[in-house]
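Here the structure comes first, spelled out in structure tokens, and everything after it is commentary.
Please read these numbers as outputs of a predicted model, since none were measured by experiment. Below, chains carry the letters A, B, ... as their sequence lines are ordered, and counting in each starts from 1.
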Amino acid sequence: MYNFKEIEKKWQDKWSNDERLRAVDFHPTKPKFYVLYEFYNISGNLHMGHLKGTVPADALARYKRLKGYNVLFPIGGDSFGLPAENAAIKTGIDPHKFVEDGFKRVLEQSKQIGLSFDWTRTFCTSDEDYYKWTQWIFLQLFKNGKAYKEQGVVNFCPKCQTVLSNEDSQGGKCDRCGSDVIQVNRNVWFLKMKEYSEKLLGNVERINMAEHLKEAQRNWIGKSEGIQLKLDLVDEAGNKLDHMEIYTTCIETVYGITFVVLAPENAKLDQLKQNIKNFDKITEYRQKTALRSEFDRMSQVKDKTGCKVEGIYAINPLTGDKVPLYIADFVLNSYGTGAVMAVPCHDQRDYEFAKEFNIPFVQVIDGDCSKCAVEKAEYLEKNQKMLNSAEFTGMNVLDAKKAIAKKVIENGFGKTQVNYKMQDWSFNRQRYWGEPFPIVFCPKCGIVALDEKDLPLALPKTNDYLPNANGDSPISKIDSFVNCKCPKCGGSARRETDTMPNWAGSSWYWLRYVDPHNPNMLADYEKLKYWGSVDVYTGGTEHITRHVLYAFFWQNFLYEIGAVPTRDPFIRKMGSGLILDDEGKKMSKSSKNGVSPLEVIDKYGSDVARMHVHFLAGYEDNCQWTFKGIEGIVNFLDRVWKLQDIVKGDGISKEHEVELNVLIKKVSSDYENLKLNTAISACMIFVKKIKEDGFITREELRQFLLVLNPLAPHITSEMYERVFNADLLDATFPEYDEAKTVKKEINLPVQLNGKMKGTILIDSTLSQEQIENACREFVGITAEQVKKVIYVPNRIINFII
RNA sequence: GCGGACAUGGCGGAACUGGUAGACGCGCCAGACUUAGGAUCUGGUUCGCAAGAGUGGGGGUUCAAGUCCUCUUGUCCGCACCA
């Protein structure tokens with residue numbers, strides 16, 4: 001057994017200062033390769049998930065370096081956010097200190113795993129040098145009209161007095177104290193992300209990423225195409241008061257409208273206040289809705305509540321029918337026009353609402369509507385006949401959908417419309433530990449941006465991390481920060497005291513790695529051009545949908561203002577699977593059955609830990625942690641170590657030529673695709689063969705060590721030094737020769753009428769005719785009997801008789 | 001409910017654009033060396049005594065299907081009153 005403790009420490013120390021592991025800007029000869037592993041979230045120690053997540057990226061980086069690439073493989077800390085702030089509130093520790101210590105710790109632990117990050121390019125999102133540029137990006141957004149402040153409805157924890165993001169309030173409970181979250185109106189900064197919907201969809205199409213992750217993003221963007229229909233609003237007597245618009249993707253049901261529903265918040269109601277006879281009831285319902293928590297609204301999906309709007313009716317433009325108006329909280333003000341046409345026969349929500357409020361039903365498409373609505377999916381699939389729809393009656397619904405849309409547009413009743421579910425990005429939090437906004441409120445000039453020269457706007461120090469009674473952020477209590485001069489008029493003004501959300505710093509960090517110490521811009525344009533898009537971006541899948549969309553958004557914006565050379569931040573994104581504990585639950589700090597990677601490294605060494613985790617499952621698959629089977633890896637590395645003792649001869653031996661070429665070919669493609677489990681198995685197969693033969697030549701061993709190095713960097717580096725008296729990092733990854741990946745003598749499977757008859761040992765260089773003859777003889781048939789031959793060279797031969 | 005992914009031995013998992021299913025490892029069985037072994041080495045290990053049957057189940061395409069099509073069952077994930 002080799003002394004892994006001594007060996008691993010030795011190499012880790014070497015690597016932490018080795019220039020050959022660093023990226024070189026504008027390398028004169030080497031092509032670039034950018035491997036990115038997601039930011040460390042600074043909260044505690046590295047856990048098993050990190051071992052699963054980082055090692056394939058490290059293997060890829062090491063492999064690419066040996067292949068002669070100029071590799072950028074950086075790491076940093078996502079340090080603004082809850083862990084540091086919560087620790088501050090709980091223990092009083094200064095978040096600056098919390099982050100500094102935490103970052104130092106995870107970097108140290110990264111070295112113990114043997115990760116070959118470029119240690120000269122590290123930073124945290126809470127570093128002033130970094131958030132200066134986060135603030136700068138916000139300023140550009142603001143100046144280009146992509147950031148605005150508006151009243152908005154947000155999640156709020158009444159106990160903590162703070163606004164919560166959706167993910168901080170999962171299940172309707174506050175992440176911190178567990179109280180019920182309510183919805184409140186607040187002044188909110190929004191970024192105009194919705195405007196980028198179509199561009200983001202383009203990014204989603206172009207990126208190389210697992211289909212289910214792409215689908216989640218398309219879902220989040222939620223593109224839909226339909227018709228925006230204009231309806232006149234009239235009073236009881238039929239006098240026109242105004243008009244409104246609704247959005248529908250089911251224009252084919254337009255003859256079945258029996259009522260119209262507005263979102264409670266819809267501004268049309270306020271405009272027509274005088275004509276509404278029961279405005280007090282409307283107000284009451286509005287208040288009730290506002291108080292219902294998100295969770296409440298979700299848990300009562302089936303219960304339809306609402307309120308009739310007395311005194312106003314809508315006119316169906318196609319029929320001229322006068323239908324009643326309702327408000328209900330199932331209609332969202334933020335989507336479409338905040339109003340829908342209701343066709344109870346063909347929409348289950350409308351059906352339930354109509355039942356509840358005794359509204360008539362009109363069926364316009366064939367099917368059984370007696371118990372529930374016949375919805376779009378069903379009637380379109382069956383292409384049902386139209387009913388009660390004037391000249392369209394009797395038509396197929398697929399034809400009618402187009403014909404009715406045409407009529408609506410030609411008559412000016414409406415227009416085609418594309419809508420997106422995605423909303424503008426609510427961008428502020430009432431928290432201490434985040435980027436301050438470079439914004440000032442001036443009584444004379446209004447909202448004023450700070451001058452770029454004055455960045456960074458430093459986060460003031462404090463020891464009071466709690467919001468005030470109004471739910472304003474802790475920094476609102478710091479007068480020296482709040483009170484300032486207006487950059488425009490010089491008069492006294494107040495600063496924005498909210499801070500940016502955790503997502504901000506992580507929405508552009510891959511750009512900063514390219515030029516991490518640049519004091520003049522977020523990153524030098526030429527360097528950005530040189531490094532281009534991230535070739536492979538690895539990391540967990542927990543917040544992947546939103547994080548990657550935010551990344552797309554900012555990259556697109558930065559591209560449009562000429563700050564970066566491309567719209568696509570990442571060429572390929574791979575999501576690491578989870579490591580589950582023995583109960584099948586996610587292994588994390590909170591998990592009781594959690595095993596620390598450092599524990600495993602201490603016991604077996606980093607090379608074993610790295611390989612064992614990745615032998616358990618593929619990169620994107622979840623796997624259950626177990627020590628079971630780790631002996632297999634221990635034995636394997638032990639055998640590798642002993643290869644030193646059986647070195648004999650030079651060059652590549654005839655005996656191992658094919659095996660070595662097969663091995664190099666296999667692992668090369670496996671490293672590119674982060675398929676470490678099969679790469680390990682290929683290495684095992686090779687060593688097995690070597691053991692069988694009892695010898696390995698010097699050159700074979702040299703190439704094998706290079707092949708195994710990305711997986712087990714320590715042991716291979718040590719052996720390389722011992723046997724070759726050289727540093728493995730100066731070597732080049734071996735090439736394989738395709739012609740030498742197939743043996744001369746092969747076992748060719750022979751089939752008769754598609755049935756396996758056995759295999760025949762045959763010289764693969766023979767002509768097809770010679771092979772056919774030999775195989776025919778093997779299965780005992782004559783050339784006359786054969787109707788057809790299927791021959792796939794080196795794979796199979798099949799005779800049809 | 002909608003959308004996506006997946007389903008292979010006792011277990012984790014292999015199988016390139018359809019081409020010998022079960023690689024590799026664990027476990028298990030037998031043997032060797034041993035006073036002994038939970039150490040090491042060697043051999044075996046999908047099921048079945050066998051003919052044969054086998055990739056959740058039914059149908060199909062093909063010379064050939066784990067792989068493609070169709071229906072169906074189950075598991076996991078994402079979204080969830082989005083009009």
Side chain [X] and base [N] donor-acceptor under 3.5 Å:
X	N	value
A:R795	B:C16	yes
A:N219	B:C79	no
A:K304	B:C81	yes

Distance test, side-chain N/O of [X] to OP1/OP2 of [N], below 4.0 Å:
X	N	value
A:Y247	B:A83	no
A:N677	B:A23	no
A:K688	B:G25	yes
A:K755	B:A64	no
A:R349	B:C82	yes

Exercise. Could you tell me whether A:K223 and A:E198 make a salt bridge, using a distance below 4.0 angstrom between a side-chain N and a carboxylate O?
Key: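 A salt bridge is present here (some side-chain N lies under 4.0 Å from a carboxylate O).
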
Exercise. Look at A:K666 together with A:E659 and state whether they make a salt bridge at an N to O cut-off of under 4.0 Å.
Key: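 Salt bridge: no.
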
Say we look at [N] and [M]: how far apart would their [atom1] atoms be, to the nearest angstrom?
N	M	atom1	result
B:U45	B:C24	P	11 Å
B:G57	B:U67	P	11 Å
B:G9	B:A5	P	22 Å
B:A7	B:G54	C1'	16 Å
B:G37	B:G66	P	45 Å
B:A39	B:G27	P	9 Å
B:A65	B:G19	C1'	10 Å
B:U42	B:G25	P	11 Å

Minimum-distance nucleotide (side-chain atoms of [X] versus [options]):
X	options	value
A:E211	B:G19, B:G3, B:A5	B:A5
A:N635	B:U20, B:G78, B:C26	B:C26
A:T678	B:A14, B:A83, B:C24	B:A14
A:M756	B:U20, B:G19, B:A83	B:U20
A:D621	B:A83, B:G12, B:A14	B:A14
A:V792	B:G19, B:A5, B:A83	B:G19

For [X], report the nucleic acid contact type (base, sugar-phosphate, nothing); a contact means any heavy atom under 4.0 Å.
X	answer
A:T249	sugar-phosphate
A:D350	nothing
A:K675	sugar-phosphate
A:G754	sugar-phosphate
A:Q348	nothing

Quiz prompt | Side-chain heavy-atom pair A:I630, A:V600 within 4.5 angstrom cut-off | solution =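 Heavy-atom side-chain distance check passes, below 4.5 Å.
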
For atom [atom1] of [X] and atom [atom2] of [N], their distance in whole Å:
X	N	atom1	atom2	result
A:I790	B:U20	CD1	P	14 Å
A:F636	B:G25	CZ	P	10 Å
A:I246	B:C81	CD1	P	19 Å
A:F330	B:A80	CZ	P	18 Å
A:M684	B:G13	CE	C1'	12 Å
A:I685	B:A14	CD1	C1'	9 Å
A:I796	B:C16	CD1	C1'	15 Å
A:E378	B:C2	CD	C1'	15 Å

Self-check item: Partner of A:P264 under side chain to side chain contact (heavy atoms under 4.5 Å, CB included), chosen from A:T305, A:L332, A:D329, A:L269
Solution: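 Checked A:T305, A:L332, A:D329, A:L269 against A:P264; only one passes side chain to side chain contact (heavy atoms under 4.5 Å, CB included): A:D329.
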
Self-check item: A:V750, A:I797, A:L748 screened by side chain to side chain contact (heavy atoms under 4.5 Å, CB included) with A:I762, the one that passes
Solution: A:L748

Go ahead and name the base partner of [N]; Watson-Crick or wobble counts if both distances stay under 3.5 Å, otherwise write none.
N	result
B:A83	none
B:A7	B:U73
B:U45	B:G27
B:G78	B:C2
B:U61	none
B:G66	none
B:G37	none
B:U20	none

Quiz prompt | Centroid separation A:F636 to A:H612 less than 6.0 Å | solution = no

Quiz item: With ring centroids as reference points, do A:F259 and A:F357 lie under 6.0 angstrom apart?
Solution: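 Ring centroids of A:F259 and A:F357 are no less than 6.0 Å from each other.
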
Practice problem: Tell me, please, whether A:Y326 has A:K304 positioned over its six-membered ring: NZ or CZ under 6.0 Å from the ring centre and within 45 degrees of its axis? | Solution: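 The answer is no; the distance or angle limit is not met.
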
Exercise. List the steps and the verdict of side chain to side chain contact (heavy atoms under 4.5 Å, CB included) for A:F686 and A:V662.
Key: CA-CA 9 Å; A:F686 181 76; A:V662 166; over 6 Å; no

Self-check item: Comparing A:Q423 and A:S681 on RNA chain B - which has the more 5′ nearest nucleotide
Solution: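 Result of the comparison: A:S681.
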
Quiz prompt | A:K666 or A:Y335, whichever maps to the more 5' nucleotide of RNA chain B | solution = A:K666

Quiz prompt | Conformer about C1'-N of B:G4 - syn within 90° of 0, anti elsewhere | solution =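 Judged by the O4'-C1' to base torsion, B:G4 sits in anti, the angle falling more than 90° away from 0.
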
